[in-house]
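Keep in mind that this is a model prediction, so the values were computed, not measured.
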Amino acid sequence: MNTRLYILSMVVLLSILSTAWAAPSKSIYVYKDENGVLVFSDTPRKGAEKVTLNAPIMNMPTIDTSVLDETDDELEAVKFNITITSPTQEETIRDNTGSVHISGQVKPRFLQGHSVQLFMDGQAYGEPQSSSLFALRDVDRGEHNLVLKLLNSEGEVLASSKSVTFFMHRRSVITGP
């Protein structure tokens, strides 16, 4: 019986001592390192001075996170704007493969669930996508009109860009350049 009591008391004593050793230091020390940089540490070191804090509790100011609590109704009230940034109005693109790179910009911000639909010459081009960057291939020679439309998750149009006209210049098979 004494052996059990002795073992139990040793286990309790060791757990108390390990907790005391593992407890974080409540003191802060400051010193300058070899480069002259001021270093704060919770470990004492030769030449370090103990820092005395005037306030026992350090309070951080709160940050307004209410923007994260926006509801779908509040998002519907936001006036979105979408513009085509490239190509510019009446730009001539010279590319014999007919490649055109289109980029757009959404303001105030592109949100999850939104998508962008590209229209070329009044027809939807491909499927709506979650980016305002498009790469078109094998565009025919001549004049073309582009419009970007920002869609919500239900496919409703939130904003439309102004129409941008560009001219595709490709080498003719018959007459050459």
Side-chain angles (χ1 to χ4, degrees), residues 1-88 91 99-118 125-137 146-162 164:
M1 186 80 160
N2 281 341
T3 308
R4 287 186 189 169
L5 184 59
Y6 176 74
I7 292 173
L8 180 61
S9 62
M10 289 304 287
V11 168
V12 170
L13 180 63
L14 286 175
S15 65
I16 291 172
L17 288 176
S18 67
T19 304
W21 285 328
S25 171
K26 294 186 180 193
S27 299
I28 299 174
Y29 301 91
V30 64
Y31 63 92
K32 287 189 179 183
D33 67 7
E34 57 276 356
N35 297 323
V37 176
L38 203 57
V39 178
F40 292 89
S41 174
D42 61 352
T43 306
R45 174 184 167 154
K46 185 177 179 181
E49 295 179 23
K50 187 173 182 179
V51 176
T52 306
L53 299 176
N54 296 333
I57 299 174
M58 297 177 70
N59 291 325
M60 297 293 291
T62 60
I63 297 173
D64 180 17
T65 59
S66 62
V67 70
L68 301 175
D69 299 329
E70 290 178 338
T71 63
D72 289 337
D73 295 337
E74 291 168 333
L75 290 176
E76 292 297 325
V78 173
K79 177 80 171 123
F80 288 97
N81 185 21
I82 186 167
T83 56
I84 297 174
T85 57
S86 177
T88 58
E91 180 178 346
S99 296
V100 180
H101 297 279
I102 298 158
S103 62
Q105 184 177 31
V106 176
K107 288 185 179 179
R109 63 187 184 270
F110 196 91
L111 298 174
Q112 185 174 2
H114 286 178
S115 59
V116 177
Q117 176 69 62
L118 171 65
Y125 189 91
E127 295 295 319
Q129 61 184 40
S130 60
S131 169
S132 59
L133 301 174
F134 295 85
L136 309 182
R137 303 285 183 243
L146 300 172
V147 172
L148 291 179
K149 292 187 180 184
L150 178 66
L151 310 174
N152 66 11
S153 57
E154 287 82 36
E156 298 168 338
V157 177
L158 299 174
S160 290
S161 70
K162 291 181 181 177
V164 170

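- Rounded to the nearest 0.5 Å, atoms CD (E91) and OG (S86) are 5.5 Å apart.
- Nearest heavy atoms, P87 versus H101: CD-O, 4.0 Å.
- Counting heavy atoms from C-beta outward, S27 and D42 have side chains that stay 4.5 Å or more apart.
- Heavy atoms only, all atoms of each residue included: Y31 and S41 are closest at CE2-CB, 4.3 Å.
- T85 contributes a side-chain N or O that, together with a main-chain N or O of S103, makes up a donor-acceptor pair within less than 3.5 Å.
- Residue Q117 forms a side-chain contact (heavy atoms from CB on, under 4.5 Å) with just one option from L150, V147, L151, and that option is L151.
- Between S99 and R137 the shortest side-chain heavy-atom distance falls below 4.5 Å.
- Among all heavy-atom pairs drawn from S131 and V116, the shortest one is O-CB, 3.7 Å.
- Counting heavy atoms from C-beta on, the side chains of L146 and Y125 never come closer than 4.5 Å.
- Looking only at distances, a side-chain donor or acceptor of N152 sits under 3.5 Å from a matching main-chain atom of E154.
- When all heavy atoms of V106 and F80 are compared, the pair lying nearest together is CG1-CD2, 4.4 Å.
- H114 is listed as a side-chain neighbour of L158, based on a closest heavy-atom distance under 4.5 Å.
- To the nearest 0.5 Å, atoms CG (N81) and NZ (K107) are separated by 7.5 Å.
- Between the S153 side chain and the G113 main chain, no donor and acceptor come within less than 3.5 Å of each other.
- Inter-residue side-chain proximity for L136 and L118 is flagged as met; some heavy-atom pair is nearer than 4.5 Å.
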